[in-house]
Structure formats: structure tokens, C-alpha cells
A.B. asks: 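This is the structure I want to talk about, given as C-alpha cells.
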Amino acid sequence: MNFWLLKSEPETFGFADLVRVGREPWNGVRNYQARNFLRQMQVGDLCLFYHSATSPAGIAGVARVVRAAYPDNLQFDPASLYHDAASPPEAPRWSMVDVAAVAALPRFLTLAELRTLPELGNLRLLQRGNRLSVMPVSQEEFQVIVAAGGLEPEFLNADSF
DNA sequence: GCCAACGTTGGC
DNA sequence: GCCAACGTTGGC
């Protein structure tokens with residue numbers, strides 16, 4: 001099982017929205033590096049749900065991958081902001097996964113607070129110039145973050161959901 | 001293949 | 001709104 005971080009602007013789609021709908025296709029990723037990470041995701045992987053472009057930015061909850069990568073439908077929709085006319089239908093350029101809400105962090109973890117945790121010195125999110133909307137997180141980093149956010153460690157057990 | 005121009009992200 | 005960082009585009 002692998003661990004990831006997904007960025008979303010809460011004004012557009014926040015963790016509360018994921019809780020409300022339960023499950024959502026993670027579409028609209030149009031960066032090759034982020035896309036490649038999406039394609040590595042497997043059902044059961046856990047994701048930190050990060051709120052970007054808001055104040056304060058930070059981690060709001062945990063989601064789970066419930067469907068592995070498949071073609072992002074929006075790339076073929078001319079009306080979509082994410083339309084890509086150059087994407088070959090026989091070999092779609094962009095992928096998405098489906099994610100489901102697992103749990104909100106009892107304590108929202110702000111970016112500033114994440115920066116104070118010594119165990120997160122290598123967290124990709126905190127590196128200079130980072131702009132990726134999908135990135136890997138180590139198991140250790142994931143555990144530190146969910147614990148700091150007030151979730152019980154047992155919640156990581158596969159049979160707890 | 002180089003690289004300048006431009007666009008986007010996202011914290012502040 | 002500013003601006004640093006970085007990806008993409010396109011002329012050559």
C-alpha cells in the first residue's frame with residue numbers, strides 16, 4: 001500500500017464535498033508528473049486531502065483510492081476547461097482515479113504547522129517551488145501527519161474500513 | 001536541442 | 001495583488 005497527497009482548492013471541491021458525495025473521480029490533472037503518480041495508485045492506497053489556495057492552506061482529511069487509473073473523461077469534452085484536443089482517443093493522454101472519503105482530521109493541520117514537525121523535513125509538499133497536485137508521501141510521513149491531526153493509529157489498519 | 005516568452009500554481 | 005518557481009510552447 002502506498003500513500004499520497006492530493007491538492008484541491010476547497011472553493012472548488014473541498015474535503016467536505018468529498019464527504020458529502022462519498023466518492024469522486026479525481027479528474028482535471030493536466031501535469032505529466034502528477035498524472036504518472038495517479039497511474040501508480042492502487043485501490044486501497046490512502047491519500048491526504050490538502051486544501052490549497054485558501055487561508056490557511058492545510059490538510060483536512062484522508063481519502064482512499066477506490067478505483068485505479070482510467071481515462072479522464074474531461075479530456076474529450078470540448079466544453080470542459082480540461083479538454084485536450086490533441087489527446088489520442090486510442091491512447092488517452094490523461095488519467096484519473098476515483099477516491100472516497102475516509103475520515104476528516106479532527107484537527108485541521110495548517111501548512112505552517114506542518115513545517116514545525118521535524119519528521120516532515122523531507123515532505124515533498126514542503127519543498128521549495130513544489131507545485132504538484134498529486135505527490136507521494138512516505139508511510140512514516142503519513143503516520144506522523146494523521147497522528148498530529150488527531151486520528152488514532154489503528155485507523156491505518158486495512159480492516160478498519 | 002536551445003532558450004526566451006508566456007502561463008499557471010499557490011503562498012503570502 | 002505580488003511574485004517566486006517551474007512547466008510548456010514555439011521559433012530558430
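Given the structure is predicted, the values throughout are model-derived calculations rather than measurements. Proteins come first, then strands; the chains are lettered A, B, ... in the order of their sequence lines, and each starts at number 1. As a basis for the values below, the full set of heavy atoms in this structure was taken, side chains included, without hydrogen atoms, waters or symmetry mates.
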A.B. asks: Assess whether a salt bridge exists between A:R93 and A:D84, defined as any Lys/Arg side-chain N lying under 4.0 Å from an Asp/Glu carboxylate O.
C.D. replies: yes
A.B. asks: Counting side-chain heavy atoms from C-beta on, which of C:dC6, B:dC12, B:dG10 comes nearest to A:L111?
C.D. replies: B:dC12
A.B. asks: Once you round it to whole Å, what is the distance between P of C:dA4 and CZ of A:R128?
C.D. replies: 11 Å
A.B. asks: What's the closest nucleotide to the side chain of A:Y32 if the choices are C:dT8, B:dG11, B:dG7?
C.D. replies: C:dT8
A.B. asks: Quick one: A:E11 CD to B:dG11 P, roughly how many Å, whole number?
C.D. replies: 13 Å
A.B. asks: Quickly work out the A:R131 CZ to C:dA5 P distance and round it to whole Å.
C.D. replies: 11 Å
A.B. asks: Look at the side-chain heavy atoms of Ile, Leu, Val, Met, Phe, Trp and Tyr, link any pair under 4.5 Å apart, and say whether A:V97 and A:L74 land in one connected group.
C.D. replies: no
A.B. asks: Other residues, nucleotides and ligands only: do more than 12 of their heavy atoms fall within 6.0 Å of OH on A:Y82?
C.D. replies: no
A.B. asks: Could you state the atom-to-atom distance from CG of A:L123 to P of B:dG11 in whole Å?
C.D. replies: 13 Å
A.B. asks: On the nucleotide B:dG10, are OP1 or OP2 found under 4.0 Å from the side-chain N or O atoms that A:K7 carries?
C.D. replies: yes
A.B. asks: Evaluate the ring planes of A:W26 and A:F49, with Trp represented by its six-membered ring, and classify them as parallel (under 30°), tilted (30 to 60°) or perpendicular (over 60°).
C.D. replies: perpendicular
A.B. asks: Nearest whole Å is fine: how far is B:dG11 P from A:Q127 CD?
C.D. replies: 15 Å
A.B. asks: Is the phosphate of B:dT9 approached by A:Y50 (side-chain N or O, under 4.0 Å from OP1 or OP2)?
C.D. replies: no
A.B. asks: Take the protein atom CG of A:L126 and the nucleotide atom C1' of B:dG10, then report the distance between them rounded to whole Å.
C.D. replies: 14 Å
